[in-house]
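Following: one structure in structure tokens, then a few remarks.
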Amino acid sequence: MKRKTLTFIALSVLVAATSTLSAKTKVIAHRGYWKTDGSAQNSLTSLRKANAIKTYGSELDVWLSTDGVPVVTHDRTITPNKLVIEYTPYAVLKGIKLLNGETVPSLQEYLTVAKQCQDTKLIIELKSHSTPEKETRLAEKVVEMVKLNGLENKVEYIAFSLHMTKELIRLAPKADVFYLNGDLSPQELKAIGCAGLDYHLGVMQKNENWFKEAHDLGLKVNIWTVNTREDMQYCIDKGADFITTDQPELLQTVLKGN
Ligand code: MG
């Protein structure tokens, strides 16, 4: 009887530990869920699709048009004419087609859809602009728009620019802000008020001690862009809090242990 009880307790502890580990890592769809029918990177559909499969977060990239409108797109330039986003007016940008036939969304259009998406958070990346002043202007606009749309509890921020990161922490002190650039230690990120680090897989593999250091400091660890089963399992085994991926359904399968 005693042995049976001990075996039962040992098994229970093992199951609890395993499920805690699996449940701990959360899925973030990189540029929305776009590798699926009818979708495209940073499209409104990619947000709806991420919400439909209930990812923890749906990441998006935001630039400021030359006339001050935040738009959702990734690169510094945009086809068909390689227009530089920050020197192009919104009236031109809004007519440019994405691969799925939608047009480049404004951030406001994105936030409007986000209000209908109950199952996923927005992970908003504010891109690095040509001057600190532009970055501050973008950070001010985005934080204000999120507030006006009542989405403060459904948004986290990420940025490569240290200036942008610090501005987001200043403007939205209650929000989780993560730094992307990979060059600061967990201690340095803690000192500036980051919620955690959001680093490239290669950076974390070179600095494996940062997993523990970050967690010991109460920081979260997010890793990008992790697209293979093997790399996903590495991040899960290391205790990553979030994995950002172009393959959110594969990651969900890996997290279930299949
Ligand atoms: Mg991004």
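Every number for a ligand or one of its atoms is a count from 1 in the order of the listing.
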Number of protein N/O/S atoms that sit closer than 2.8 Å to the Mg ion (ligand 1):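 With waters ignored, the protein N/O/S count below 2.8 Å is 3.
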Residue K206 excluded, over 12 heavy atoms near NZ under 6.0 Å: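 Not more than 12 within 6.0 Å, no.
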Spacing of W63 atom CH2 and L107 atom CG [to the nearest 0.5 Å]: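 Here the interatomic distance stands at 15.0 Å.
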Reported OG1-to-CD distance for the pair T165 and E135, which is rounded to 0.5 angstrom: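 Nearest 0.5 Å value for the OG1-CD distance: 8.5 Å.
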Under-4.0 Å salt bridge between E140 and R137: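 Judged by the 4.0 Å cut-off on N to carboxylate O distance, E140 and R137 do not form a salt bridge.
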Ionic contact status for D61 with K127, cut-off 4.0 Å: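 Answer for the salt bridge query: yes.
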S65 backbone acceptor or donor facing E86 side chain under 3.5 Å: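 Judged by distance alone, no pair lies under 3.5 Å.
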